[in-house]
Undergrad: 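Can you keep this structure in mind? I'll have questions shortly.
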Amino acid sequence: MNGPLRHIPDLTPRAAFPEAADDAFIRMTQALRAADGDPSKLPEPLSIRYQHNLAANLMKEKVFFMVSEKLRAGGIAEVYPIKGMHLLLGLYRDLPGIRTMVDIDLMVRKSDFTKLPGIVRANPAWQPDMARLLDLRAHIATDISFIADHTSVEVKRDLILMPVVDPAPFFDAAKTVTVAGKEARLLQPDHAALLYILHHIGDHLLHYRRIEHRHLAEFSVILADLGDTPAFRELCRAAGLERWYDLILFLIYTLFERPVVTPADFTIHPIFSCIVKRRDGVLGLTAAARLTAFLYGAWAVPLFTRNALLWLPKKMVRRGH
């Protein structure tokens with residue numbers, strides 16, 4: 001069940017990653033750990049940052065419930081918060097200022113995704129991204145984004161470009177919880193954690209070729225709370241993400257002095273040698289195509305084909321100029 005954060009692990013970075021010690025989330029979690037999880041005991045300026053995070057998150061929570069209600073009124077009965085908003089409503093409920101959110105990420109069932117353009121247009125206060133392409137995006141894109149009450153909202157049907165994981169069983173297992181007098185559908189913690197891996201490896205590492213220290217720190221917090229590592233590995237294996245899980249555990253083990261995992265918890269595959277420390281201190285990669293093929297397996301060919309079909313027209317346009 002979703003519940004409050006029970007344990008904050010030691011997120012001291014290894015000596016080779018001094019930049020990670022300045023990460024805002026790592027500093028906050030380390031300070032909360034030292035304060036026994038009591039925000040009132042935080043030293044300045046972290047106590048001020050916590051209050052700023054809290055205020056910003058309360059506003060985003062208000063927007064989440066407003067947007068969810070309008071989506072339901074438009075015919076999308078089930079709206080699932082993921083990533084930051086899921087954590088705010090569940091794991092971080094007793095520590096809502098532990099980190100702030102850049103935007104609000106939601107997932108809906110694929111059958112409901114095509115309803116989004118009509119709902120967005122029916123709410124003129126919402127400012128959609130690429131407004132002229134809304135109907136097209138409802139059929140070919142993985143997300144539709146818009147600004148609602150000065151807050152960026154992304155509604156997704158998939159987290160990455162290839163439908164590697166079917167989230168429908170996760171939606172079926174979600175629970176209705178009451179937060180601040182309003183109801184929300186929350187994914188089970190292990191299902192939300194699996195989607196976290198899918199997004200941060202598939203999008204941040206493989207697409208942007210970097211993974212932030214805070215992503216690995218936050219997943220360490222999530223893992224420490226989940227507790228049963230073998231059971232979660234089995235969930236990842238059943239979803240075809242065992243290699244993805246090995247990779248994120250390898251990254252966590254690489255970054256932290258006292259990682260929440262041991263070498264016995266994961267397999268170090270030879271391809272992981274392509275992980276490097278970039279000049280800015282974050283973990284990036286070389287040989288991105290090889291790592292992508294290793295992780296995506298049978299999905300690699302359609303993914304590479306899609307990327308090539310999108311790249312060729314851009315190349316021809318550049319040559320024309």
Undergrad: Would you give the length of the straight line joining atom CG of L251 to atom CD1 of I275, rounded to the nearest 0.5 angstrom?
TA: 5.0 Å
Undergrad: For the residue pair H191 and F170, does the interplanar ring angle fall in the parallel (under 30°), tilted (30 to 60°) or perpendicular (over 60°) class?
TA: parallel
Undergrad: Could you check whether K110 pairs with D158 (Lys NZ or Arg NE/NH1/NH2 to Asp/Glu carboxylate O, under 4.0 Å)?
TA: yes
Undergrad: Looking at K182 and E69, is there a salt bridge between them, counting it only when a charged N and a carboxylate O are closer than 4.0 Å?
TA: yes
Undergrad: Ring centres of F304 and W299 under 6.0 Å apart?
TA: no
Undergrad: In the single-linkage hydrophobic clustering (I, L, V, M, F, W, Y; side-chain heavy atoms under 4.5 Å), do I147 and L134 co-cluster?
TA: no
Undergrad: Partners of S111 by side-chain contact (heavy atoms from CB on, under 4.5 Å), sequence neighbours excluded?
TA: R109
Undergrad: Looking at K156 and D105, does any basic side-chain N land under 4.0 Å from a carboxylate oxygen?
TA: yes
Undergrad: If we check ring-ring contact (aromatic ring centres under 6.0 Å, His included) with Y245, which of these qualifies: F219, Y196, F232, F266?
TA: F232
Undergrad: Run the salt-bridge test on R237 and E234 with the 4.0 Å N-O cut-off and return the result as yes or no.
TA: yes
Undergrad: Relative to F113, does R137 satisfy both conditions: NZ or CZ under 6.0 angstrom from the six-membered ring centre, and within 45 degrees of the ring's axis?
TA: no
Undergrad: Under 4.5 Å between side-chain heavy atoms, counting indirect links through other Ile/Leu/Val/Met/Phe/Trp/Tyr residues: same cluster for F64 and V67 or not?
TA: yes
